[in-house]
Amino acid sequence: MQSDEHLYDLTVVGGGPVGMFAAMYAGMRNLDTQLIESLPELGGQVEALYPEKTIHDIAGFVSGKGSELIANLKQQLAEVQDQVSIHLSEEVIGLEKQADGTFILTTSKRTTHTKTILISVGSGAFTPRQLACDYDHALDGKQVRYFVKRLADFAGKNVAVAGGGDAAIDWALALEPIANHVSIIHRRNNFRGLESSVAQLQQSSVELVTPFNITGVTAQGEGVQIELQENKGDTAKSLTADTLLVNYGFIADNHLLKDWGLELERRALVVNEFMMSSEPGIYGIGDASTYPGKVKLISSGFGEAPAAINHISTELYPDRRQPLHSTSM
Ligand SMILES: Cc1cc2nc3c(=O)[nH]c(=O)nc-3n(C[C@H](O)[C@H](O)[C@H](O)COP(=O)(O)OP(=O)(O)OC[C@H]3O[C@@H](n4cnc5c(N)ncnc54)[C@H](O)[C@@H]3O)c2cc1C
């Protein structure tokens with residue numbers, strides 16, 4: 001395993017909206033910061049679960065989509081790229097306090113050394129729920145995908161979307177005008193999406209392949225052959241596509257906080273007014289933390305970030321003044 005010898009002032013664990021803003025704010029306070037996110041994309045629940053949903057309850061962000069909020073946060077992070085390094089597809093899996101009060105973090109890729117830790121892991125590490133059948137995982141990221149990075153990648157392609165919830169329906173509808181052909185495979189005849197989205201799906205040209213389970217996926221040329229078995233029925237058939245896009249939701253796992261011996265309440269980190277946990281040097285914000293009166297909203301997390309970062313800054317650099325407001329960089 002690779003060992004990163006650099007000693008960071010701060011490691012932000014979790015690149016959801018709250019961790020992204022916290023890392024940006026830490027950069028503005030000139031803290032030497034790294035942000036580690038287990039998924040290949042920043043944005044947490046917003047990007048993974050509801051990128052197309054309109055968000056109405058963030059000050060100064062007027063009825064924008066989830067993906068627009070994340071794009072704005074990425075743009076803000078880019079302004080502090082000299083102070084903040086971003087590590088994607090890397091899960092923090094271990095934590096060890098050193099005698100000098102610093103921490104060694106173990107990730108899925110390396111060990112790394114940090115003076116303080118800000119936990120913004122939401123409900124835990126997200127991993128996409130996989131296809132239930134056995135298949136060659138060498139197809140992942142190519143013919144079989146669990147994420148859509150750029151809609152344009154699907155231009156002119158035949159795409160089969162697997163799933164029956166909002167995300168699957170949203171992707172099928174978003175792909176319809178771009179792809180050559182879109183089908184959606186669901187094990188029930190009824191879809192579990194927003195009524196208006198389901199109505200739109202039914203009126204669209206998206207082919208509804210229901211009620212079928214996927215029982216096999218094999219490479220066929222540049223694409224895939226998908227084996228289907230009727231749910232509670234005898235019909236078996238196969239379908240070919242350039243890409244199978246799987247949307248079975250995400251699994252969140254926050255056993256780490258428990259493993260690290262931190263004080264928890266309802267699986268969230270108990271923090272004080274500085275967002276500090278029961279362990280000095282470890283802070284928690286966003287959905288991952290709790291205190292009396294806690295409200296799990298993006299805007300609450302945005303408020304918690306400066307409270308934590310300014311306290312961390314004062315602890316590490318007592319001579320630095322507290323900022324009154326931002327200035328141009
Ligand atoms: C359908 C839906 C709609 C919502 N609508 C709204 C709304 O309109 N307004 C609103 O304010 N809130 C809304 N929320 C709630 C909002 O999304 C959350 O409050 C917000 O995402 C919390 O942000 P966060 O950054 O704390 O955590 P998250 O968004 O959960 O991000 C945590 C990140 O940490 C990463 N992570 C976890 N463990 C590790 C690890 N060990 N190592 C590295 N990375 C890790 C995860 O992969 C994830 O990316 C909604 C939630 C849902 C599900």
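What you are looking at is a predicted structure, and each value in this text was computed from that prediction instead of being measured. In each ligand, atom 1 is the first atom listed, and ligand 1 is the first ligand listed.
- Contact annotation: Gly301 has no heavy atom less than 4.0 Å from any atom of ligand 1.
- A side-chain donor-acceptor contact under 3.5 Å links Gln34 and Thr112.
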Kindly list each side-chain donor-acceptor pair under 3.5 angstrom involving residues 14-32, sequence neighbours excluded, with atom names and distances?
| from | atom 1 | to | atom 2 | distance (Å) |
| --- | --- | --- | --- | --- |
| Tyr25 | OH | Asn310 | ND2 | 3.1 |
| Arg29 | NH1 | Asn310 | OD1 | 2.7 |
| Arg29 | NH2 | Arg321 | O | 2.7 |
| Asp32 | OD2 | His6 | NE2 | 2.6 |

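- The shortest contact between atom 19 (O) of ligand 1 and any protein heavy atom is with Asp287 OD1, 2.9 Å.
- The shortest N/O to N/O separation between Glu91 and ligand 1 does not fall below 3.5 Å.
- Salt-bridge annotation for Asp153 and Arg145: present, with a side-chain N of the basic residue lying under 4.0 Å from a carboxylate O of the acidic one.
- Each of the following atoms of ligand 1 lies closer than 4.0 Å to a heavy atom of Gly286: 26 (O).
- Remark: minimum distance from atom 34 (O) of ligand 1 to any protein heavy atom is reached at Gly14 CA, 3.2 Å.
- Comparing Met20, Glu37, His56 by heavy-atom distance to atom 35 (C) of ligand 1, the nearest is Glu37.
- Atom 15 (C) of ligand 1 has as its closest protein heavy atom Tyr50 OH, 3.8 Å.
- Given atom 39 (C) of ligand 1, the protein heavy atom at minimum distance is Val121 CG1, 3.7 Å.
- For the residue pair Ser277/Glu263, the side-chain donor-acceptor check at 3.5 Å is not satisfied.
- With a 4.0 Å heavy-atom cut-off, ligand 1 is reached by no atom of Thr107.
- For atom 28 (P) of ligand 1, the choice among Glu47, Gln45, Glu41, His87 with the nearest heavy atom turns out to be Gln45.
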Contacts under 3.5 angstrom, residues 206-229 side chains, donor-acceptor by atom type, not counting sequence neighbours:
| from | atom 1 | to | atom 2 | distance (Å) |
| --- | --- | --- | --- | --- |
| Glu207 | OE1 | His181 | NE2 | 2.9 |
| Thr210 | OG1 | Asn189 | OD1 | 3.0 |
| Thr215 | OG1 | Glu227 | O | 3.3 |
| Gln220 | NE2 | Gln225 | OE1 | 2.8 |
| Gln225 | NE2 | Glu227 | OE2 | 2.9 |
| Gln229 | NE2 | Gly233 | O | 3.1 |
| Gln229 | NE2 | Thr235 | O | 3.4 |

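- Set against the non-hydrogen atoms of Gly44, the atoms of ligand 1 under 4.0 Å away are 29 (O), 31 (O), 48 (C), 49 (O).
- Between atom 41 (N) of ligand 1 and the options Leu105, Leu42, Val92, the minimum heavy-atom separation is to Val92.
- Under 4.0 angstrom from ligand 1, the non-hydrogen atoms of Ser120 all belong to its backbone.
- Defined by atom type and a distance below 3.5 Å, a donor-acceptor pair is missing between the side-chain atoms of Thr107 and His87.
- Salt-bridge check for Lys296 with Asp287: failed, with every basic side-chain N at 4.0 Å or more from each acidic carboxylate O.
- Residue, atom and distance of the protein heavy atom nearest to atom 10 (C) of ligand 1 are Leu297 CD2, 3.5 Å.
- Arg129 and Tyr146 get closest at one heavy-atom pair: O-CE2, 3.6 Å.
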Quick one: do Glu176 and Ser205 satisfy side chain to side chain donor-acceptor pair (under 3.5 Å)? Show the steps, please.
CA-CA 7 Å; Glu176 186 200 10; Ser205 66; 2.8 Å; yes
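- Each of the following atoms of ligand 1 lies closer than 4.0 Å to a heavy atom of Ile36: 43 (C), 44 (N).
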Apply the test side-chain contact (heavy atoms from CB on, under 4.5 Å) to residues Phe61 and His56: give CA-CA distance (whole Å), side-chain angles for both, the deciding distance (0.1 Å), then the verdict.
CA-CA 7 Å; Phe61 182 69; His56 296 281; over 6 Å; no
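- In this structure, atom 44 (N) of ligand 1 lies nearest to the protein heavy atom Ser38 N, 3.1 Å.
- Defined by atom type and a distance below 3.5 Å, a donor-acceptor pair is missing between the side-chain atoms of Glu265 and Thr290.
- Of all the atoms in ligand 1, the ones that sit under 4.0 Å from a non-hydrogen atom of Glu90 are 43 (C).
- For ligand 1, one of its N or O atoms has an N or O atom of Val18 under 3.5 Å away.
- The distance criterion of under 3.5 Å between nitrogen or oxygen atoms is not met by Ala288 with respect to ligand 1.
- Among protein heavy atoms, the minimum distance from atom 9 (N) of ligand 1 is reached at Asp57 OD1, 2.9 Å.
- A salt bridge links Lys294 with Glu304: the distance from a Lys NZ or Arg NE/NH1/NH2 to an Asp or Glu carboxylate oxygen falls below 4.0 Å.
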